[in-house]
Amino acid sequence: TLSNIYFTDGDKNFKIPSFFVEIAAENLKLINFSMTNVRCGTPDTDYICVKTSAKNFQLFNSSLNGKFNNGVFLRFDFPLNCYVKCCAFQNFNKLSTPNGGEMIRLATSQYEKNDANCVIDQCYFNKCLGDPEVVSVKCSSNTIKNCIFENNDSSKLVLRLAHKINVSNCYFSGSGMRVYGTNHNIENIQLVNDANILLDNKSGNYVVAQNVKVNNVYYDNVKTPVTNNGKNCTVNNVVKGLKITKTD
C-alpha cells in the first residue's frame, strides 16, 4: 500500500519519456493519491498507466484534477480485478484532437471479449472535456456504480467494445451514456438536464447494442431519456421525477 502521494503543477517544457506513473506490480493499493494541474511539454501522453501485469490494483480516495495535453488520464492496459473507489476526476480541457483524452480507459479493442471484473465505485466526473468518452470501456464483465457525471458537455460514459457490463445507481447531468455491445444491465439511473441513454447501432468499429436490459430510469428536465436503437433490448420503468440525488 502506498499513500499520500501528490503531484502538483510541473514544467510545461519537460518532455516526459513515458508516463508520470507506471504501475506494473500485482496487489498494489494506492490511497490518497493526487495529481493537480500537472503540466509537461509532451503534447500527447497518458499520465497514469496500469500495466496488464498489475492485477488486483486498487485506487482509493484520490483526485485527478487538471490535464492540459492530449492523452488518457488513467489508462488500464487490461484491468483484471482492479478497483477504483471514491475518486474525483475533474477539469480535463478540450483539445483540438477529437479522441484520445479519456479520463479512464479500461483496456483496448483487443480485449473486447475478455472478462476484467473491474469496478468503478462512488467516483465523481466533472468538467471532463478531453474526449467524447469520459470513461471508455473496452473489455467485458465490469461494474460501474454509485457515480456522478456532470458538467461534461456532450462527453459521456461509453460502453464501447464491451459485453456484460453492470451500470447502476448513477447520476448523469447534461450528458449520459452511449451503449454498444451485448448483455449489459443498466438500472437505477437518474438523468437530468438533457442527459440521456442511447442504445446505439452505429456502423464501423462498434458492436450494435443487443440484449441490453434497462430498468428504472428517472428523468428531470429531459426530452428523450432513453433512445433504443439496439436489437432485442428491453427498457422498463422510465419515470419522470428526481428519484436519485447527488448526495444519495
Side-chain angles (χ1 to χ4, degrees), residues 98-99 102-107 109 111-116 118-121 123 125 128-129 131-246 248:
N99 292 294
E102 301 96 332
M103 276 291 188
I104 300 177
R105 190 182 72 199
L106 298 183
S109 58
Y111 293 100
E112 174 191 336
K113 296 181 180 180
N114 293 59
D115 295 334
C118 180
V119 178
I120 300 174
D121 183 13
C123 290
F125 300 89
C128 304
L129 311 176
D131 190 276
E133 303 180 7
V134 175
V135 176
S136 182
V137 183
K138 297 181 178 179
C139 52
S140 295
S141 299
N142 302 298
T143 298
I144 301 171
K145 60 182 181 178
N146 308 315
C147 292
I148 297 170
F149 296 79
E150 64 178 351
N151 303 317
N152 299 315
D153 288 349
S154 60
S155 299
K156 301 176 184 291
L157 164 62
V158 180
L159 309 185
R160 175 67 183 275
L161 290 163
H163 309 276
K164 300 175 292 182
I165 307 298
N166 291 311
V167 181
S168 64
N169 301 313
C170 290
Y171 177 100
F172 296 88
S173 176
S175 57
M177 297 178 59
R178 281 193 288 126
V179 178
Y180 309 93
T182 66
N183 300 306
H184 305 309
N185 187 54
I186 302 168
E187 62 180 347
N188 299 330
I189 303 297
Q190 182 71 60
L191 304 172
V192 302
N193 300 326
D194 291 326
N196 61 78
I197 298 172
L198 171 61
L199 308 181
D200 209 353
N201 61 351
K202 188 175 182 178
S203 61
N205 189 26
Y206 297 86
V207 177
V208 175
Q210 186 171 350
N211 300 324
V212 177
K213 296 180 180 179
V214 180
N215 295 297
N216 302 332
V217 176
Y218 308 97
Y219 66 97
D220 184 68
N221 192 30
V222 175
K223 293 180 181 179
T224 307
V226 181
T227 300
N228 184 2
N229 293 331
K231 296 181 180 179
N232 301 319
C233 298
T234 60
V235 179
N236 296 308
N237 196 36
V238 179
V239 179
K240 186 175 182 179
L242 194 62
K243 179 74 171 180
I244 301 171
T245 65
K246 290 187 289 184
D248 286 346

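Keep in mind that the numbers below use all heavy atoms, side chains included, and drop hydrogens, waters and symmetry copies.
Considering CG of Leu161 and OG of Ser140, their distance stands at 9.0 Å, rounded to 0.5 Å. Separating the NE2 atom in His184 from the CD atom in Gln210 is a distance of 10.5 Å, to the nearest 0.5 Å. In this structure, Leu242 CG and Asp220 CG are separated by 5.5 Å, a value rounded to the nearest 0.5 Å. Distance check, rounded to the nearest 0.5 Å: CD1 of Ile144 to SG of Cys118 gives 8.0 Å. Between the CZ atom of Arg178 and the OG1 atom of Thr227 there is a distance of 13.0 Å, given to the nearest 0.5 Å. Within the model, atoms CG of Leu191 and CD1 of Ile244 stand 9.0 Å from one another, a figure rounded to the nearest 0.5 Å.
The closest side-chain donor-acceptor pair between Asn193 and Ser173 falls under 3.5 angstrom. Between the side chains of Asn146 and Asp121, at least one donor-acceptor pair of N or O atoms lies under 3.5 Å.
Taking all atoms of both residues into account, the shortest heavy-atom contact from Gly176 to Lys156 is O-CB, 3.2 Å. In plain terms, the two heavy atoms of Cys233 and Asn211 that are nearest each other are SG-N, 3.9 Å. When all heavy atoms of Ser175 and Asn152 are compared, the pair lying nearest together is OG-CB, 4.3 Å. Across all non-hydrogen atoms, the minimal contact from Tyr171 to Thr245 is CD1-C, 4.2 Å. Across all their heavy atoms, Cys139 and Ala162 have their closest contact at O-CB, 3.0 Å. Taking both residues in full, the closest heavy atoms of Ile104 and Ile120 are given as CD1-CD1, 4.1 Å, listed atom of the first, atom of the second, then distance.
Annotation: side chain of Asn166 is not in contact with side chain of Lys145 (no heavy-atom distance under 4.5 Å). The shortest side-chain heavy-atom distance between Leu159 and Val212 does not fall under the 4.5 Å cut-off. Between Val135 and Phe149 the shortest side-chain heavy-atom distance falls below 4.5 Å. Between Tyr219 and Val226 the shortest side-chain heavy-atom distance does not fall below 4.5 Å. Within the 4.5 Å cutoff, the side chain of Val235 has heavy atoms near those of the Leu199 side chain. Residues Lys164 and Asp115 meet the side-chain proximity criterion, which asks for heavy atoms closer than 4.5 Å. Proximity of Asn142 to Ile165: side-chain heavy atoms (C-beta onward) are separated by under 4.5 Å at one or more points. Residues Lys223 and Asn196 form no side-chain contact, since every pair of their non-hydrogen atoms from C-beta on lies 4.5 Å or further apart.
Here the side chain of Gln190 pairs a donor or acceptor atom with the backbone of Tyr218 at under 3.5 angstrom. The closest donor-acceptor contact from the side chain of Ser155 to the backbone of Asp131 lies under 3.5 Å.
When the ring pair (Phe, Tyr, Trp, His ring centres under 6.0 Å) test is applied to Tyr111, the partners found at least two apart in sequence or on another chain are Phe78. For Glu112, the side-chain hydrogen bond (donor to acceptor under 3.5 Å, both in side chains) partners at least two apart in sequence or on another chain are His163.
With Asn215 as the partner, the side chain to side chain donor-acceptor pair (under 3.5 Å) test is satisfied by one option alone out of Asn237, Asn236, Asn188: Asn236.
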- What do the steps show when you test Ile186 against Val217 for side chain to side chain contact (heavy atoms under 4.5 Å, CB included), and what is the final call? CA-CA 9 Å; Ile186 302 168; Val217 176; 5.7 Å; no
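Aromatic ring orientation, Tyr180 versus Tyr206: tilted (interplanar angle from 30° to 60°).
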